[in-house]
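Worksheet: one structure, shown below.
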Amino acid sequence: MINIIFFLLTGFLGYVIGRWGDNYLNFWIGDPHWLPDHWIYGLILMVIGSFMIESYWGPYIFSAGLGHFISDLKDFLNLKFYGSDNKDKSQRRFWHID
């Protein structure tokens, strides 16, 4: 039971990190057009976690990647691989799927 709770908390933490990166880090580094979109980092973590699924850390890496991936699901569905988000600071919303 505790492993399920940790799995869900790790996924939530991945989501929060993804939203923080989209809403704060992106503005701090100047919203560069050459960086990959946020969902790609989540996908990379999910692939790494799936290769390590038999180890202790594998499911948690996968869960963090899944949360990070979901935090930018809209850009994945639009197949946006890189580019600026062109958001204004007034358009920031933390608790939603972007």
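Bear in mind that the values here come from a model prediction, so they are computed numbers and not experimental data.
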### Side-chain donor/acceptor of Trp39 to backbone N/O of Lys80, under 3.5 Å
yes
### Task
Could you grab the distance from atom CG of Asp72 to atom CG of Asn78, nearest 0.5 Å is fine?
10.0 Å
### Query
Shared ILVMFWY cluster between Phe7 and Phe51, side chains joined below 4.5 angstrom?
no
### Query
Where does the angle between the aromatic ring planes of Phe12 and Tyr15 fall among parallel (under 30°), tilted (30 to 60°) and perpendicular (over 60°)?
parallel
### Ring geometry between Tyr41 and His68 (parallel below 30°, tilted from 30 to 60°, perpendicular above 60°)
perpendicular
### Query
Any side-chain heavy atom of Leu8 within less than 4.5 Å of one from Ser63?
no
### Query
Given side chains that start at C-beta, do those of Phe81 and Ile40 come closer than 4.5 Å, heavy atoms only?
yes
### Summary
Taken to the nearest 0.5 Å, the spacing of Phe76 CZ from Leu73 CG works out to 7.5 Å
#### Entry: Nearest-0.5 Å distance, CD1 of residue Ile61 to CD1 of residue Ile48
7.0 Å
### Query
Short question: side chain of Thr10, backbone of Tyr60 - any donor-acceptor pair under 3.5 Å?
no
## Note on the structure
So CE of Met52 and CG of Leu45: to nearest 0.5 Å the spacing works out to 10.5 Å
### Query
Any link between Ile70 and Phe6 through a network of hydrophobic side chains (Ile, Leu, Val, Met, Phe, Trp, Tyr) touching at under 4.5 Å?
yes
### Task
Find out if a path of hydrophobic residues (ILVMFWY) with successive side-chain heavy-atom gaps under 4.5 Å connects Met46 to Ile53.
no
#### Entry: Interatomic distance, Phe69 atom CZ to Leu66 atom CG [nearest 0.5 angstrom]
8.0 Å
